[in-house]
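Below you'll find the structure, written out as structure tokens, and then a few comments.
All values below were derived from every heavy atom in this structure, side-chain atoms included, with hydrogens, water molecules and symmetry-related copies excluded. The chain is numbered in sequence order, starting from 1.
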Amino acid sequence: MKTLSNILIAILFMNAAFTQAQTSKQKTIEVSSSLGTLKQINAGLLNVGYTEAGPSNGTPVILLHGWPYDIHSYNEVVPILVAKGYHVFTPYLRGFGTTTFLSKETFRNGQQAALASDIIAFMDALKIDKAVIGGFDWGARTAVVVSALWPERVKGLVSVSGYLVVNLEANLKPLPPTAELGWWYQYYFATERGKQGYTQNTYDFNKLIWKIASPLWNFDKATYDQTAQSFDNPDHVAIVIHNYRWRQSLEGGETKYDNLEKRLAAKPEIKVPTITIGSDFDGAFADGKAYANKFTGKYEHRVLKGIGHNVPQEDPKAFAQAIIDVSK
């Protein structure tokens with residue numbers, strides 16, 4: 001018994017040391033004051049880094065970023081919402097910024113149900129019963145999944161690029177060559193060479209993605225560097241690689257999410273009030289017609305011309321207005 005006790009104590013000490021080491025790394029992150037105060041909270045599997053701004057009695061709004069972006073996509077959105085009386089939260093997703101795992105034993109999982117479960121755990125930890133949730137890229141997918149699986153927690157949804165629920169079976173089917181070309185990095189990440197390349201060249205790789213996804217957006221080095229610091233996360237590469245390999249059925253998820261993924265595979269309708277946004281990044285799908293029938297509640301689609309993938313940073317007024325309008 002004494003030996004077992006010593007082992008348990010050692011494990012607890014190692015996990016505590018692991019969390020402390022990660023926390024010390026978090027201190028190097030510099031967050032824009034426009035986002036509010038950077039905080040940390042244990043939520044589910046994670047110690048989540050997030051900013052909070054606005055009156056505590058205001059309507060809660062949760063803004064979710066994508067890859068390869070971070071909370072600074074909302075630098076100009078948050079002040080607009082705060083001025084309107086909203087209580088705004090911008091969490092770092094798993095693998096970004098100051099969000100870290102509580103245990104080194106936890107599988108570094110990037111599947112959609114895991115990320116959505118993180119947001120529910122985040123809301124529970126902060127005692128947020130219901131919120132307006134908005135996002136783009138991974139953030140839009142996460143917001144849509146939360147809305148599909150836990151509609152009672154969502155007051156309104158803003159989703160850039162619409163209905164982004166991953167269907168693994170559909171993803172096995174080839175697309176036309178021009179469409180396949182747009183997903184070149186997924187195939188790169190499917191290889192060991194790609195994993196090593198992303199590990200060694202994260203900064204330059206993600207800067208390239210920014211340029212490709214938003215060709216008309218003339219961001220400067222300071223803007224990119226503000227976000228790039230969030231890629232210096234101990235789990236960033238593992239989460240990104242798993243996310244894209246899981247989408248192609250090259251790596252499995254976790255069985256504890258199987259029931260959620262089964263529900264998502266059925267392509268559930270979104271019944272909460274929703275505004276979707278199409279941009280130049282969406283090409284022929286910018287008009288939203290391909291997914292309009294998936295939103296069966298109060299629904300509106302908006303198209304932004306001359307705007308790339310990072311909608312909240314490229315057109316913060318339009319994104320903020322969508323949040324305001326969907327919450328009415």
Any chance the side chains of [X] and [Y] put a donor and an acceptor closer than 3.5 Å?
{"X": "Tyr198", "Y": "Asn206", "value": "yes"}
{"X": "Gln111", "Y": "Asn109", "value": "yes"}
{"X": "Asp225", "Y": "Gln229", "value": "no"}
{"X": "Tyr50", "Y": "Thr98", "value": "no"}
{"X": "Asn310", "Y": "Gln313", "value": "yes"}
{"X": "Ser34", "Y": "Glu76", "value": "no"}
{"X": "Asp137", "Y": "His309", "value": "yes"}
{"X": "Ser161", "Y": "Asp282", "value": "yes"}
{"X": "Tyr187", "Y": "Glu180", "value": "yes"}

Can you hop from [X] to [Y] via hydrophobic side chains spaced under 4.5 Å?
{"X": "Tyr257", "Y": "Met123", "result": "yes"}
{"X": "Tyr291", "Y": "Leu175", "result": "yes"}
{"X": "Leu64", "Y": "Ile41", "result": "yes"}
{"X": "Ile209", "Y": "Phe96", "result": "yes"}
{"X": "Ile212", "Y": "Tyr244", "result": "yes"}

Please check this pair: side chain of [X] against backbone of [Y], looking for a donor-acceptor N/O pair closer than 3.5 Å.
{"X": "Asp315", "Y": "Ala318", "answer": "yes"}
{"X": "Asn201", "Y": "Asp204", "answer": "no"}
{"X": "Gln248", "Y": "Gln186", "answer": "yes"}
{"X": "Arg141", "Y": "Leu164", "answer": "yes"}
{"X": "Ser230", "Y": "Thr227", "answer": "yes"}
{"X": "Ser159", "Y": "Thr276", "answer": "no"}
{"X": "Ser214", "Y": "Trp217", "answer": "no"}

Got [X] and [Y] here, is their nearest side-chain heavy-atom distance under 4.5 Å?
{"X": "His236", "Y": "Ile239", "value": "no"}
{"X": "Leu157", "Y": "Ile275", "value": "no"}
{"X": "Glu52", "Y": "His87", "value": "yes"}
{"X": "Asn47", "Y": "Thr99", "value": "no"}
{"X": "Val145", "Y": "Leu149", "value": "yes"}
{"X": "Arg263", "Y": "Pro268", "value": "no"}
{"X": "Val144", "Y": "Tyr163", "value": "yes"}
{"X": "Ile62", "Y": "Pro91", "value": "yes"}

So, taking the atom named [atom1] in [X] and the one named [atom2] in [Y], what distance separates them when rounded to the nearest 0.5 Å?
{"X": "Asn233", "Y": "Ile29", "atom1": "CG", "atom2": "CD1", "result": "8.0 Å"}
{"X": "Ile128", "Y": "Arg153", "atom1": "CD1", "atom2": "CZ", "result": "8.5 Å"}
{"X": "Thr59", "Y": "Ile324", "atom1": "OG1", "atom2": "CD1", "result": "11.0 Å"}
{"X": "Ile277", "Y": "Ile307", "atom1": "CD1", "atom2": "CD1", "result": "10.5 Å"}
{"X": "Glu251", "Y": "Asn243", "atom1": "CD", "atom2": "CG", "result": "11.0 Å"}
{"X": "Ser147", "Y": "Phe295", "atom1": "OG", "atom2": "CZ", "result": "8.5 Å"}

Note: [X]-[Y] ion pair, threshold 4.0 Å (strictly below):
{"X": "Lys294", "Y": "Glu269", "answer": "no"}
{"X": "Arg302", "Y": "Glu300", "answer": "yes"}
{"X": "Asp124", "Y": "Lys127", "answer": "no"}

Tyr203 and Tyr224: CA distance, side-chain angles, deciding distance, ring-ring contact (aromatic ring centres under 6.0 Å, His included) verdict: CA-CA 9 Å; Tyr203 181 94; Tyr224 177 70; 5.0 Å; yes
For Gln200, side-chain hydrogen bond (donor to acceptor under 3.5 Å, both in side chains) partners two or more places apart: none
Cation-pi geometry met for Arg94 and Phe101 (6.0 Å, 45°): no
CA sep, side-chain torsions, deciding dist, call: Leu45, Leu102, side-chain contact (heavy atoms from CB on, under 4.5 Å): CA-CA 6 Å; Leu45 302 173; Leu102 294 173; over 6 Å; no
Trace of the side-chain contact (heavy atoms from CB on, under 4.5 Å) decision for Val61 with Phe89: CA-CA 6 Å; Val61 174; Phe89 302 84; over 6 Å; no
ring-ring contact (aromatic ring centres under 6.0 Å, His included) partner of Phe136, chosen from Phe281, Phe319, Tyr69: Tyr69
Option among Phe231, Trp210, Phe189 that satisfies the ring-ring contact (aromatic ring centres under 6.0 Å, His included) test with Phe205: Phe189
[X] [atom1]: over 12 foreign heavy atoms closer than 6.0 Å:
{"X": "Glu192", "atom1": "CD", "result": "yes"}
{"X": "Asp258", "atom1": "CG", "result": "yes"}
{"X": "Lys84", "atom1": "NZ", "result": "no"}
{"X": "Lys271", "atom1": "NZ", "result": "no"}

Over all atoms of both residues, closest heavy-atom pair of Leu81 and Ala320: CD2-O, 3.7 Å
Candidate pair His72 and Tyr74, rule ring-ring contact (aromatic ring centres under 6.0 Å, His included), full reasoning: CA-CA 5 Å; His72 290 99; Tyr74 297 103; over 10 Å; no
Check against side-chain contact (heavy atoms from CB on, under 4.5 Å), Thr274 and Val158: CA-CA 6 Å; Thr274 300; Val158 174; over 6 Å; no
Trp246/Gln112 under side-chain contact (heavy atoms from CB on, under 4.5 Å): CA gap, chis, key distance, verdict: CA-CA 9 Å; Trp246 175 81; Gln112 62 186 355; 3.7 Å; yes
Parallel, tilted or perpendicular: rings of Trp184 and Tyr188 (30°, 60°): tilted
Worked verdict on Gln226 versus Asn75 for side chain to side chain donor-acceptor pair (under 3.5 Å): CA-CA 11 Å; Gln226 189 175 54; Asn75 275 353; 2.8 Å; yes
